[in-house]
Amino acid sequence: MARRKIIAGNWKMNMTPSEAVALVETLKPLVQNEDVDVVFGVPAIDIVPVVEACKGTNIAVAAENMYFEESGAYTGEIAPKMLVDAGVKYVILGHSERRDYFKETDADINKKVLKAIEHGITPIMCCGESLEQREQGITMDFIRQQVKIGLQNVTADQAKNLVIAYEPIWAIGTGKTATSQQAEEVCKGIRQCIAEIYDDATAAEIRIQYGGSVNAGNAAELFAMEDIDGGLVGGASLKPDFGKIVCYNK
Ligand code: PEP
């Protein structure tokens, strides 16, 4: 069974609510591709207007973070049921910026993954090595640890529906893309890791994205690789170029 491609934008901390709606209106006609699941990952305050603006389109909305508790005294956090009620279908978890600036650990991310699944939200779980780790030759060791801890207590059936985003930190926002061979090598390694944790059938179904300076010029080559099932796109998701990335096969 061929895996369906999934291409998600990560707007990060950009776009006021009114700018967000204007961007959706610009991108709507450009991201029509029946072969691809299209996702816009937007800041929390933009979720409600963006879900509204995306009604009746092929665009699903992702949150960029979520807390792992149901509700309560966690000032500033967003609960999973708030996302569900607002119409969110995906949540980006463990982005390297959250790991780095907000000190999220693999164990935190695992709690969030489990909570998102419990609420029927699909996690897009991010992993990826630093330049130093790549140069030390420990890329796969590091990523295997992120994946194994991130998926603790996730069943095979649940894992099949997840999305993993491989994002080498040195390629995020730097304009420095991993070569398609480098990206494929790690995505294949992640799939092998899934096969070890679960089984071959689960590994064959789980979708693995590449992220890191994906643009209209390199998307087609990256997405043609055997183990790359789409992309997580930062900077280029805020521009009409995102339409070209989504329609990479047209
Ligand atoms: C990201 O933020 O997930 C990302 C990949 O950013 P960029 O595409 O800008 O490198």
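We number each residue from 1, following the sequence as shown. In listed order, ligands and their atoms are each counted from 1.
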Indicate yes or no: does an N/O atom of Gly211 lie under 3.5 Å from an N/O atom of ligand 1? no
So for Cys126 against ligand 1, with non-hydrogen atoms under 4.0 Å, the contacting part is neither
Side chain to side chain contact (heavy atoms under 4.5 Å, CB included) with Tyr198: which of Ile206, Leu151, Asp157, Thr155? Leu151
Below 4.0 angstrom from a heavy atom of Ala171, which ligand 1 atoms are there? Numbered from 1 as shown, please. 10 (O)
Picking from Asp108, Val113, Ile109, Asp106, what satisfies side chain to side chain contact (heavy atoms under 4.5 Å, CB included) with Ile149? Asp106
Asn218 side-chain N/O to Ser213 backbone N/O, donor-acceptor pair under 3.5 Å: yes
Minimal non-hydrogen separation, Gly212 against Thr177, with atom names: O-CG2, 3.5 Å
Once you restrict to heavy atoms under 4.0 Å, what part of Asn10 touches ligand 1? Side chain, backbone, both or neither. side chain
Please check whether Val233 reaches ligand 1 - meaning an N/O of the residue sits under 3.5 Å from an N/O of the ligand, judged on distance alone. no
What atoms in ligand 1 come closer than 4.0 Å to a heavy atom of Ser213? 7 (P), 8 (O), 10 (O)
Min N/O separation Glu97 to ligand 1 under 3.5 Å: no
Has ligand 1 got any nitrogen or oxygen that is less than 3.5 angstrom from a nitrogen or oxygen of Gly235? yes
Provide the number and element of each atom of ligand 1 under 4.0 Å from a heavy atom of Gly212. 5 (C), 10 (O)
Atoms in ligand 1 with a heavy atom of Gly173 nearer than 4.0 Å: 7 (P), 9 (O), 10 (O)
Are the side chains of Lys250 and Asn33 in contact, using a 4.5 Å heavy-atom criterion? yes
Strictly by modelled atom types, are Asn249 and Asp35 linked by a side-chain donor-acceptor pair under 3.5 Å? yes
If the plane angle is over 60° it's perpendicular, under 30° parallel, otherwise tilted; pick one for Tyr248 and Phe223. perpendicular
Who gets closest to atom 7 (P) of ligand 1 by heavy atom: Gly234, Ser237, Ser96? Gly234
For a 4.5 angstrom cut-off between non-hydrogen side-chain atoms, does Cys126 reach Tyr166? no
Between Asn65 and Lys112, does any side-chain donor sit less than 3.5 Å from a side-chain acceptor? yes
Number the atoms of ligand 1 from 1 as they appear, then name those within less than 4.0 Å of a heavy atom of Lys12, with their elements. 1 (C), 2 (O), 6 (O)
Ligand 1 to His95, heavy atom cutoff 4.0 Å, flagged ligand atoms 1 (C), 2 (O), 3 (O)
Closer than 4.0 Å to some heavy atom of Glu167 - which atoms of ligand 1 meet that? 1 (C), 3 (O), 4 (C), 5 (C)
